[in-house]
Colleague: 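Dropping a structure here in structure tokens format, bear with me for questions.
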Amino acid sequence: MKLGRDFFDRSVHEVAPHLIGVTLLVDGVGGVIVEAEAYDQEDPAAHGYRGRTERNASMFGPPGHAYVYRSYGIHWCLNFVCEPSDVASAVLIRALEPTHGLDIMRIRRGLDDPRLLCSGPGRLCQALGVTRAHDGRSLADPPFELRARQGTPELDIGTRVGITKAADELWRYAMAGSPFVSRRFRSRD
DNA sequence: CAGTGGATGCTCT
DNA sequence: GAGCATCCACTGT
């Protein structure tokens, strides 16, 4: 079952936790989203914070579309744009539990361990073949496919990874205890 | 298991 | 010219 048409027409802080458990496929290859981070329009760590530029234009576009950017000159990172147009906010997809097309992922990644195929924003883009070519594309149309989750997973919540500004905001969400997250959370009691 | 440093290409100041 | 929303290899416990 596909996601509702208005799934992304709300705050990133509501969308991000609701994405955990959703299945993401790109040309039939992908898995269950187990980790995501929210970046809102008043967030100094967000690319849209200082206004619209050529790179972040997709963030200012309609919700339910992809924002893909190059990270550290090497990797690609995939975001889902949220809220109305002209409000720059998006959710960074940080990790998947691979379920579809593992053979293709292994070839693209050059390794076998399922835990290392999609456990990080750069890794999952390599495994799913996501590049700049996907920037601005609708998540409701091929090659993307999003399938609604069944039930409500328990969440781990923590601070975001790899940033220096607004580093204390608890805007990182993950499926509790998943071995497929990019980094472990603080020990839970 | 923790910490460090290099690769690498843009974007923005 | 600085600074990355990262990953991997390598070091030392």
Side-chain angles (χ1 to χ4, degrees), chain A residues 8 11-13 15-17 19-20 24 26 30-31 33-61 63 65-83 87-98 105-136 139 155-175 177-188:
Chain A
F8 293 102
S11 161
V12 285
H13 303 297
V15 173
L19 278 173
I20 305 304
L24 163 66
V26 179
I33 297 171
V34 297
E35 182 183 351
E37 289 177 352
Y39 290 85
D40 75 29
Q41 63 276 13
E42 297 182 353
D43 174 6
H47 289 170
Y49 181 65
R50 289 184 172 78
R52 182 182 186 132
T53 65
E54 188 171 352
R55 175 179 67 159
N56 66 23
S58 297
M59 265 187 112
F60 290 80
H65 287 236
Y67 165 49
V68 181
Y69 70 92
R70 199 188 270 287
S71 175
Y72 290 89
I74 305 170
H75 310 286
W76 298 103
C77 288
L78 172 64
N79 296 254
F80 293 169
V81 177
C82 299
E83 307 191 60
V87 174
S89 68
V91 175
L92 172 67
I93 308 304
R94 287 197 55 90
L96 308 180
E97 174 179 343
M105 293 189 197
R106 289 190 172 104
I107 293 170
R108 288 172 173 162
R109 294 275 297 123
L111 48 81
D112 289 335
D113 188 345
R115 294 190 183 200
L116 298 178
L117 292 176
C118 299
S119 297
R123 290 168 171 176
L124 76 88
C125 282
Q126 185 180 28
L128 272 57
V130 172
T131 69
R132 185 107 206 160
H134 297 86
D135 184 46
L139 299 170
L155 299 181
D156 278 335
I157 300 176
T159 55
R160 295 176 295 179
V161 176
I163 56 172
T164 55
K165 300 162 195 155
D168 294 330
E169 300 286 4
L170 298 174
W171 291 346
R172 176 181 180 226
Y173 303 90
M175 190 170 292
S178 172
F180 297 96
V181 297
S182 65
R183 290 184 173 194
R184 296 214 172 267
F185 284 70
R186 273 191 50 176
S187 60
R188 292 163 293 117

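Each chain gets a letter, A, B and so on, in the order its sequence line appears, and its residues count up from 1.
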Colleague: Do the non-hydrogen side-chain atoms of A:Ser58 and A:Asn79 ever get within less than 4.5 Å of each other?
Modeller: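 Result no, sub-4.5 Å side-chain heavy-atom pair not found.
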
Colleague: Compare side-chain N and O positions of A:Arg183 against OP1 and OP2 of B:dA2 and report whether any pair is under 4.0 Å apart.
Modeller: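 Checking A:Arg183 against B:dA2: no side-chain N or O falls below 4.0 Å of OP1 or OP2.
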
Colleague: Give me, pair by pair, the N or O atoms of the protein and of nucleotides 9-13 of chain B that are less than 3.5 Å apart, along with how far apart they are.
Modeller:
residue : atom : partner : partner atom : Å
B:dG9   : O4'  : A:Gly73 : O            : 3.1
B:dC12  : OP1  : A:Thr53 : OG1          : 2.1

Colleague: Side chains of A:Arg94 and A:Cys77: does their closest heavy-atom pair fall under 4.5 Å?
Modeller: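 Of all side-chain heavy-atom pairs linking A:Cys77 with A:Arg94, none is under 4.5 Å.
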
Colleague: Can you establish whether the number of heavy atoms outside A:Tyr49 located under 6.0 Å from its atom OH is more than 12?
Modeller: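 For A:Tyr49, atom OH is not crowded (no more than 12 foreign heavy atoms under 6.0 Å).
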
Colleague: Could you write out DNA chain C as dot-bracket? Rules: Watson-Crick or G-U wobble, both distances under 3.5 Å, brackets [ ] for crossings, | for pairs with another strand, dot for unpaired.
Modeller: ||||.|||||||.

Colleague: Counting just side-chain N and O atoms, does A:Arg109 come under 4.0 Å of either OP1 or OP2 of C:dC7?
Modeller: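 Indeed not, no polar side-chain atom of A:Arg109 lies that close.
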
Colleague: Which residue lies toward the 5' end of DNA chain C, A:Gln126 or A:Gly162, if each is placed at its nearest nucleotide?
Modeller: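 Looking at DNA chain C, the more 5' nearest nucleotide goes with A:Gly162.
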
Colleague: Could you walk me through whether A:Val81 and A:Phe8 satisfy the side-chain contact (heavy atoms from CB on, under 4.5 Å) test, starting with their C-alpha distance in whole Å, then the side-chain angles of each, then the deciding distance to 0.1 Å, before giving a yes or no?
Modeller: CA-CA 7 Å; A:Val81 177; A:Phe8 293 102; over 6 Å; no

Colleague: Would you indicate what A:Leu92 reaches in the nucleic acid, counting non-hydrogen atoms under 4.0 angstrom: base, sugar-phosphate, or nothing?
Modeller: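 Here A:Leu92 touches the bases of the nucleic acid.
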
Colleague: How close or far is atom C1' of C:dC8 from atom CG of A:Asp113, stated in whole angstroms?
Modeller: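 A:Asp113 atom CG is separated from C:dC8 atom C1' by 15 Å.
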
Colleague: Within this structure, what is the CZ-to-P distance between A:Arg184 and B:dC1, rounded to whole angstrom?
Modeller: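 About 8 Å, once rounded to whole Å.
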
Colleague: Specify the separation, in whole Å, of atom OH of A:Tyr49 and atom P of C:dC4.
Modeller: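 Taking OH of A:Tyr49 and P of C:dC4, I get 15 Å after rounding.
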
Colleague: Compare all side-chain heavy atoms of A:Leu19 with those of A:Tyr173 and state whether any distance is below 4.5 angstrom.
Modeller: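 A side-chain contact under 4.5 Å is absent here.
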
Colleague: Tell me, please, which residues at least two apart from A:Asp113 pass side-chain contact (heavy atoms from CB on, under 4.5 Å).
Modeller: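 Checked A:Asp113 against side-chain contact (heavy atoms from CB on, under 4.5 Å); matches are A:Arg115, A:Leu116.
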
Colleague: What is the distance, to the nearest angstrom, from the CG atom on A:Asp40 to the P atom on C:dA5?
Modeller: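 Roughly 15 Å, once rounded to whole Å.
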
Colleague: Are any non-hydrogen side-chain atoms of A:Asn56 and A:Tyr67 less than 4.5 angstrom apart?
Modeller: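 They are in contact (side-chain heavy atoms under 4.5 Å apart), so the answer is yes.
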
Colleague: Whole angstrom is fine here: how far is it from CH2 in A:Trp171 over to P in C:dA5?
Modeller: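 To the nearest whole Å, that distance equals 15 Å.
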
Colleague: Quick test of your reading of the model: are A:Arg172 and A:Glu35 salt-bridged, counting only N-O distances below 4.0 Å?
Modeller: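 Here A:Arg172 pairs with A:Glu35 in a salt bridge, since their nearest N and O are under 4.0 Å apart.
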
Colleague: Does the side chain of A:Gln41 reach to within under 4.5 Å of the side chain of A:Ser89, using non-hydrogen atoms?
Modeller: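 Side-chain contact under 4.5 Å: yes.
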
